[in-house]
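For reference, the structure discussed in these notes is given below.
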There are 2 protein chains.
Amino acid sequence: MSTYRLAPVERADAARNRAKILKAAAELFEAKGAPNVTMEDIAKAAGVGRGTLYRRYPDRSSIAVALLDEHERALQEKLIRGEPPLGPGAPPEERLAAFYAAMVELLEAHSHLVLGAETGRSRFETGAYGFWRVHVRSLLPPGSDALVDILLAPLAPEVYSYQRERGLTPGQITEALRITSRVIAEPQRS
Amino acid sequence: MSTYRLAPVERADAARNRAKILKAAAELFEAKGAPNVTMEDIAKAAGVGRGTLYRRYPDRSSIAVALLDEHERALQEKLIRGEPPLGPGAPPEERLAAFYAAMVELLEAHSHLVLGAETGRSRFETGAYGFWRVHVRSLLPPGSDALVDILLAPLAPEVYSYQRERGLTPGQITEALRITSRVIAEPQRS
DNA sequence: GACACAAACGGACAGCATGTCCACATATAG
DNA sequence: CTATATGTGGACATGCTGTCCGTTTGTGTC
């Protein structure tokens with residue numbers, strides 16, 4: 001009985017191509033804006049064929065997700081094990097405000113990626129959204145399920161970039177979100 | 001000097017075709033879901049050529065907007081001249097809650113249309129969004145510009161339909177929005 | 001180092017939706 | 001009845017997507 005290898009090692013050329021693809025995609029997203037970049041653009045820029053590209057990344061958004069992954073993971077780490085108020089220990093209201101602020105930073109820093117990845121409905125399908133969901137859920141009193149997606153809605157990339165285009169600064173948006181986070185302060189009905 | 005006619009009368013056949021198009025589109029949206037309906041589907045179902053269709057409606061969303069128009073106008077009317085708390089007279093917090101409730105009804109009744117029309121970025125471009133924006137803006141204390149789009153974000157069709165698919169009822173969503181509307185109750189900082 | 005096999009590659013290809021264009025038809029005004 | 005603007009329909013060109021399969025390249029074995 002031999003050992004199973006559930007994740008067979010990635011071949012050297014495959015790894016090389018993955019790197020080339022991610023690098024090329026990052027540059028193109030930055031330069032032309034994610035929605036305007038076609039799969040073919042990426043394949044050509046990376047110097048690989050369409051088939052190779054599709055083998056790993058079935059669509060644009062999966063590439064953007066891969067590119068965003070490390071940044072989102074860093075934030076997730078801080079939420080779980082970081083210092084308060086982002087991490088555990090502070091009152092829910094402050095933790096939510098801190099989460100909002102961190103998300104604004106993330107949106108601001110990677111808007112081009114995020115606009116390619118988590119746009120429209122597909123936003124809800126990403127693993128990251130699931131994580132944010134669980135996190136915010138944990139800050140709310142039981143039974144306020146419907147509030148979760150409502151509180152996350154303003155963080156949709158479209159909303160954020162729309163606000164920025166209207167001339168709002170990240171600071172103003174953060175402040176408005178801070179006010180919003182007050183809704184969870186007093187669970188009792190008015 | 002003759003009289004100008006800025007909007008030359010629509011020809012009879014044109015009016016007939018417009019009606020056929022809207023009727024066919026409404027049925028198709030209902031049957032297959034707006035995103036799955038192609039321009040060609042609509043043209044064929046309406047019994048007109050592609051060119052005819054494109055002449056009036058350059059894309060799917062403009063058709064959905066036309067279909068939604070009357071419903072949205074009815075709500076807009078109530079916001080301006082209707083009874084409180086939807087119309088003027090009630091305190092801002094209650095008016096916002098009433099607006100939320102009315103929007104939930106509208107989303108619930110016309111989700112198929114709304115999902116075709118006001119999805120993603122294009123949502124912000126519609127006249128209706130501008131109207132909601134001005135309305136909510138008028139309920140807020142001066143200087144809370146950034147709050148407007150944040151308060152409107154949960155009404156994005158994607159968010160609503162996602163919540164519904166997760167099993168939340170319109171009532172639960174309305175209730176959560178009612179809680180959200182409390183943010184504007186006390187403008188002072190905590 | 002040579003071999004064999006699996007994994008990866010790449011580009012041709014078919015499908016599909018979009019949006020344009022223009023020769024032709026039809027309503028309306030005079 | 002005629003002239004003309006307006007509207008019509010469908011062929012066409014374009015661009016993107018995703019798949020398929022013959023060929024190439026790594027990797028583990030002898």
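Per chain, numbering begins at 1; letters A, B, ... match sequence-line order.
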> When the nearest nucleotide of DNA chain C is assigned to B:D59 and to A:G51 on a heavy-atom basis, which residue is associated with the more 5' position?
Replying inline: A:G51
> Looking at B:N17, does any N or O in its side chain come under 4.0 Å of the phosphate oxygens OP1/OP2 on D:dT8?
Replying inline: yes
> Salt-bridged, B:E165 to A:R121, with N to O below 4.0 Å?
Replying inline: yes
> Considering heavy-atom distances to DNA chain C, does B:Y54 or B:A12 have its closest nucleotide positioned more toward the 5' end?
Replying inline: B:Y54
>> Which is more 5' along DNA chain D, the nucleotide nearest A:D41 or the one nearest A:R55? Just name the residue.
In response: A:D41
>> Output the rounded distance in Å from NZ (A:K20) to P (C:dA8).
In response: 15 Å
> Under a 4.5 Å cut-off applied to non-hydrogen side-chain atoms, are A:R182 and A:I179 in contact?
Replying inline: yes
>> From the set C:dC9, D:dC16, D:dA11, return the single nucleotide nearest to any side-chain atom of B:R50.
In response: D:dA11
> Closest to the B:D13 side chain: D:dG7, D:dT25, C:dT18?
Replying inline: D:dG7
> Are any of B:R60's side-chain N or O atoms less than 4.0 Å away from OP1 or OP2 of C:dG19?
Replying inline: no
> A:R18 near the nucleic acid: base, sugar-phosphate alone, or nothing, with a heavy-atom cut-off under 4.0 Å?
Replying inline: nothing
> Heavy atoms under 4.0 Å, any strand shown: does B:R16 hit a base, just sugar-phosphate, or nothing?
Replying inline: nothing
>> Consider side-chain contact (heavy atoms from CB on, under 4.5 Å). Of B:I173, B:L155, B:L106, which one does B:Y160 pass it with?
In response: B:I173
> Do the side chain of A:R11 and the base of D:dT27 come within less than 3.5 angstrom through a donor-acceptor pair of N or O atoms?
Replying inline: no
>> Under 4.0 Å, heavy atoms only, any strand: does B:T52 hit a base, just the sugar-phosphate, or nothing?
In response: base
> Using 30° and 60° as the class limits, which term best fits the ring planes of B:F124 and A:Y162: parallel, tilted or perpendicular?
Replying inline: parallel
> Which nucleotide, D:dT8, C:dG11, D:dG9, lies nearest any side-chain atom of B:A14?
Replying inline: D:dT8
